[in-house]
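Heads up, the thing below is written out as structure tokens.
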Protein chains: 2
Amino acid sequence: MTSNPLIARLDASDAEFSSQLDALLAWDSVSDTKVADIVAEIIAAVKARGDAAVVEYTNRFDRRTVTSMSELVVPAERIAAALAAISSEQRGALEAAATRVRTYHEHQQQESWRYTEADGTVLGQQITAMQRVGLYVPGGKASYPSSVLMNAIPAKVAGVDELTMVVPAPDGVLNDMVLAAAAIAGVDRVVTMGGAQAVAALAYGTETIARVDKIVGPGNIFVATAKRAVFGQVAIDMIAGPSEILVLCDGQTDPDWIAMDLFSQAEHDEQAQSILVCPDGDYLDRVAAVMARLLPTMSRADIIRPSLANRGALIKVADMNEAVALSNRIAPEHLELSVADPEALLPSIRHAGAIFMGRHTPEALGDYCAGPNHVLPTSGTARFSSPLGVYDFQKRSSIIFCSPEGASVLAETASTLARSEALEAHALSAEYRKR
Amino acid sequence: MTSNPLIARLDASDAEFSSQLDALLAWDSVSDTKVADIVAEIIAAVKARGDAAVVEYTNRFDRRTVTSMSELVVPAERIAAALAAISSEQRGALEAAATRVRTYHEHQQQESWRYTEADGTVLGQQITAMQRVGLYVPGGKASYPSSVLMNAIPAKVAGVDELTMVVPAPDGVLNDMVLAAAAIAGVDRVVTMGGAQAVAALAYGTETIARVDKIVGPGNIFVATAKRAVFGQVAIDMIAGPSEILVLCDGQTDPDWIAMDLFSQAEHDEQAQSILVCPDGDYLDRVAAVMARLLPTMSRADIIRPSLANRGALIKVADMNEAVALSNRIAPEHLELSVADPEALLPSIRHAGAIFMGRHTPEALGDYCAGPNHVLPTSGTARFSSPLGVYDFQKRSSIIFCSPEGASVLAETASTLARSEALEAHALSAEYRKR
């Protein structure tokens with residue numbers, strides 16, 4: 001490993017590369033028993049005392065002075081005011097993004113189906129939307145209107161009846177862009193509560209808040225711990241690890257572009273991971289030089305620098321086949337194929353949250369407005385997980401409608417198997433339907 | 001609540017009905033810290049020492065005397081012997097069931113899709129199968145060949161490359177029907193290990209066992225606790241609660257049939273739940289009388305009796321509309337619509353794992369051979385969960401391929417939103433692609 005002031009340089013042909021890569025990718029989610037204890041206490045209080053507990057915790061943690069839950073529900077006029085307060089450019093951008101995200105997600109709509117067998121037996125699958133969903137949105141400085149669009153729109157496309165957004169309002173302050181995004185995305189109700197108390201209220205319900213079927217959206221460690229705790233009582237989305245990008249480049253993309261793509265990942269936080277893989281060592285040198293030149297000019301240099309130093313890497317490989325094999329080993333959240341012919345590589349990509357194809361598709365376009373979701377599986381979980389989508393807000397019921405003839409035939413098979421499992425009532429229940 | 005020696009009688013018009021129903025449905029999953037400690041120790045040992053640890057635990061817990069992991073892998077001859085050992089009737093039943101289950105699940109196959117926008121930008125979603133899946137099968141008396149079919153077939157229809165079945169063999173004994181079902185379902189490899197050590201070996205890999213992407217299948221409390229512990233490292237299926245059936249009947253089905261349908265649920269275990277809902281009180285009396293008459297004749301009466309007494313109920317409602325509303329509140333695992341026209345009720349059913357329609361469709365047919373999966377969401381989780389299916393063994397990757405023109409337009413929107421979120425590198429990365 002060549003030491004570098006900015007970012008590690010690795011070579012896949014080194015004997016130690018495999019263990020170096022493991023060390024680079026290693027990331028353990030923090031589980032803090034002190035946090036878990038606090039969260040358990042908050043959940044128990046909200047379960048036991050409902051609205052009153054939520055009001056108390058909200059006043060304490062968010063420095064509010066409300067006396068009832070109804071004061072936490074954001075009135076329609078406040079949302080209208082937010083829509084009026086943002087610039088027309090911002091409103092246009094939110095609406096353009098929302099339209100594209102909606103159009104893409106409409107392609108994910110699932111249809112019920114059924115088929116009829118020769119003897120009249122009908123089999124099928126019925127799709128229904130979840131009834132109520134809660135969307136958690138962080139308050140304060142880490143308020144991301146794009147995240148509101150990405151979580152809310154698939155739920156509404158899925159047909160969720162009632163989408164409640166919760167967002168803490170420290171000192172009563174709300175972000176106008178977040179409220180505007182909620183209105184544009186079709187959120188049904190906004191409640192200014194946050195933390196474990198908001199998660200508990202959504203999971204168990206209170207006098208004012210109806211219990212939801214699923215809770216989605218990012219949050220701090222208290223929120224993540226609370227979501228884990230209520231999992232099973234309600235569905236939750238994944239608990240995300242740090243965001244990551246893997247860029248596979250053939251060495252022909254403008255190095256400025258690739259350097260900035262890596263920066264855009266690194267600027268999220270110090271744990272974010274940016275990796276570039278290329279068969280051309282000289283190209284990696286050029287990207288490193290660009291990074292060194294541009295970094296001091298970046299407004300978030302203080303975040304980008306430790307992120308690249310701790311978790312970034314430029315990796316030289318023998319050829320693009322080795323690059324693809326490496327990608328499948330990593331199973332990245334974001335995969336950029338910055339090559340002349342990305343379609344040629346695509347069939348070999350086995351695991352990735354989102355695949356950004358060609359030199360003109362930086363991850364940033366997907367983060368905001370290309371259409372696909374920006375909530376993606378992190379930390380290698382693309383091996384078994386998918387982007388957030390319409391399917392995450394729907395569920396299926398199997399349909400079985402046997403004709404008398406069909407039941408009579410099936411009863412033979414069922415009875416034989418039931419008796420092999422020593423389940424006599426199963427066998428008799430089937431046999432009663434024999435002719 | 002009328003006291004009854006066999007099963008509780010409830011009336012939905014009673015003032016206390018709602019709280020009685022809550023009490024009836026209440027079920028808390030047991031979490032045992034002693035078990036959790038043992039499981040944590042086993043997982044740590046398997047992570048640290050791989051095959052050697054698995055061999056030690058297997059010898060200890062299953063009273064085996066093997067010296068290496070290779071002895072735990074079931075040879076092809078043993079599986080062939082199992083297929084030869086079962087009766088031709090049993091083999092025929094397994095094959096008939098497998099064929100129907102496979103045909104049904106092939107309808108769940110998901111297709112990749114893409115669309116091209118006017119400026120040449122391509123958006124889509126690519127479906128890929130998980131690479132390796134582990135299927136846990138309990139050993140000993142609770143060995144269910146039907147469960148092997150129901151878990152293995154959707155995985156193979158999904159296109160999973162390598163499906164490893166693990167099943168403990170206490171004293172070296174294996175169930176021929178289970179091995180035969182594995183062969184018929186297309187399981188790639190059978191390893192005789194069980195408990196937390198098997199779950200750990202699948203989740204983290206050992207010298208002999210490749211790490212899998214998902215672990216499915218039922219197990220005892222050690223297995224369930226281990227699955228919870230490795231969740232995140234790998235995907236898992238749901239941790240099932242006790243099995244339940246809700247029968248909505250118009251009072252016109254042969255009471256013997258309904259009594260046996262309720263018994264077939266109750267015979268699983270003492271926690272299983274059987275509920276019948278009907279607007280006709282006289283019919284409920286007739287079913288109760290049949291149950292009293294038939295129960296003493298049942299081979300599993302000792303399980304059925306406490307199950308019905310603890311968790312069963314016959315509930316009188318005003319009409320079928322109230323019955324459907326009750327069903328949506330319960331969100332049952334199995335819902336039997338034992339009525340003349342079940343299609344008329346179906347559009348109102350919002351939450352149910354599987355819906356058995358008409359008088360000729362007892363749950364037992366679905367348990368074994370109708371086609372749909374018998375792994376279903378329990379304890380009200382049908383509000384947000386689906387039957388096990390092909391979709392549980394596949395994942396999606398978003399595809400974004402911007403044309404230069406498309407990127408240039410999207411960059412405007414992305415840049416505006418990125419700057420609203422104070423993410424400058426995101427904005428620049430997008431702006432670099434502007435013309």
Side-chain angles (χ1 to χ4, degrees), chain A residues 89-90 93 96-97 104 123 128 130 144 146 177 213-214 235 257 260-261 263-264 267 299 350 352 354-358 360-362 364-366 368-372 383-387 395-402 404 407 410 413-414 416-417 420-421 424-426 428-430 432-433, chain B residues 89-90 93 96-97 104 123 128 130 144 146 177 213-214 235 257 260-261 263-264 267 299 350 352 354-358 360-362 364-366 368-372 383-387 395-402 404 407 410 413-414 416-417 420-421 424-426 428-430 432-433:
Chain A
E89 189 194 6
Q90 287 176 319
Y104 178 84
L123 299 172
T128 46
M130 290 180 200
Y144 293 132
S146 60
M177 281 289 279
D213 302 314
K214 185 164 192 167
W257 293 14
M260 196 54 68
D261 296 352
F263 282 0
S264 78
E267 75 174 339
S299 60
R350 185 74 186 251
I355 305 170
F356 298 81
M357 297 175 67
H360 289 268
T361 315
L365 299 184
Y368 291 108
C369 57
R383 288 189 292 128
F384 48 77
S385 299
S386 301
K395 65 258 174 21
R396 306 166 183 89
S397 301
S398 304
I399 303 290
I400 314 179
F401 191 172
C402 289
L410 291 177
T413 302
T416 299
L417 293 174
S420 297
E421 296 181 351
E424 182 196 35
H426 283 69
L428 290 172
S429 166
Y432 281 2
R433 271 74 173 194
Chain B
E89 189 194 4
Q90 287 177 319
Y104 178 85
L123 299 172
T128 46
M130 291 181 200
Y144 293 131
S146 61
M177 281 290 279
D213 302 314
K214 186 164 191 166
W257 293 14
M260 196 55 68
D261 296 353
F263 282 0
S264 78
E267 76 174 339
S299 61
R350 186 71 187 253
I355 306 171
F356 299 80
M357 298 175 67
H360 288 267
T361 316
L365 299 184
Y368 290 108
C369 58
R383 288 188 294 128
F384 49 76
S385 301
S386 301
K395 64 259 176 14
R396 306 166 183 89
S397 300
S398 304
I399 303 289
I400 314 179
F401 191 172
C402 289
L410 290 179
T413 303
T416 299
L417 293 174
S420 297
E421 296 181 352
E424 181 195 35
H426 282 69
L428 290 172
S429 167
Y432 280 2
R433 270 74 173 193

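To find a chain, count down the sequence lines: A is the first, B the second, and so on, and within it residues start at 1.
Note on Ala370(B), Ser386(B), Ala430(B), Pro387(B): by heavy-atom pairs under 4.5 Å with chain A, the leading option is Ser386(B). Top candidate by heavy-atom pairs under 4.5 Å with chain A, chosen from Gln90(B), Arg350(B), Arg433(B), Met130(B), is Arg433(B). Note on Met357(B), Met260(B), Arg396(B): by heavy-atom pairs under 4.5 Å with chain A, the leading option is Arg396(B). When the candidates Gly371(A), Ser420(A), Gly366(A) are compared by the number of heavy-atom contacts under 4.5 Å with chain B, Ser420(A) comes out ahead. Options His426(A), Glu89(A), His360(A) differ in how many heavy-atom pairs under 4.5 Å they form with chain B, and the most are formed by His426(A). Of the listed residues (Gly358(A), Ala97(A), Ser398(A)), the greatest number of heavy-atom pairs within a distance under 4.5 Å of chain B belongs to Ser398(A). The greatest number of non-hydrogen atom pairs below 4.5 Å with chain B, out of Ile399(A), Thr128(A), Asp213(A), Leu123(A), is found for Asp213(A). The most heavy-atom pairs under 4.5 Å with chain B, out of Cys369(A), Ala96(A), Ala407(A), come from Cys369(A).
Judged purely by distance below 3.5 Å, without hydrogens or angles, the side chains of Lys395(A) and Ser385(B) never pair a donor atom with an acceptor atom.
For Ser264(A), there are no side-chain hydrogen bond (donor to acceptor under 3.5 Å, both in side chains) partners, not counting sequence neighbours. Every side chain to side chain contact (heavy atoms under 4.5 Å, CB included) that Ala93(B) has, sequence neighbours left out, goes to Thr413(A), Thr416(A), Leu417(A).
Only the side chain of Met177(A) comes within less than 4.5 Å of a heavy atom in chain B; its backbone stays farther off. Contact of Ser146(B) with chain A is made through backbone and side chain together, with heavy-atom distances under 4.5 Å.
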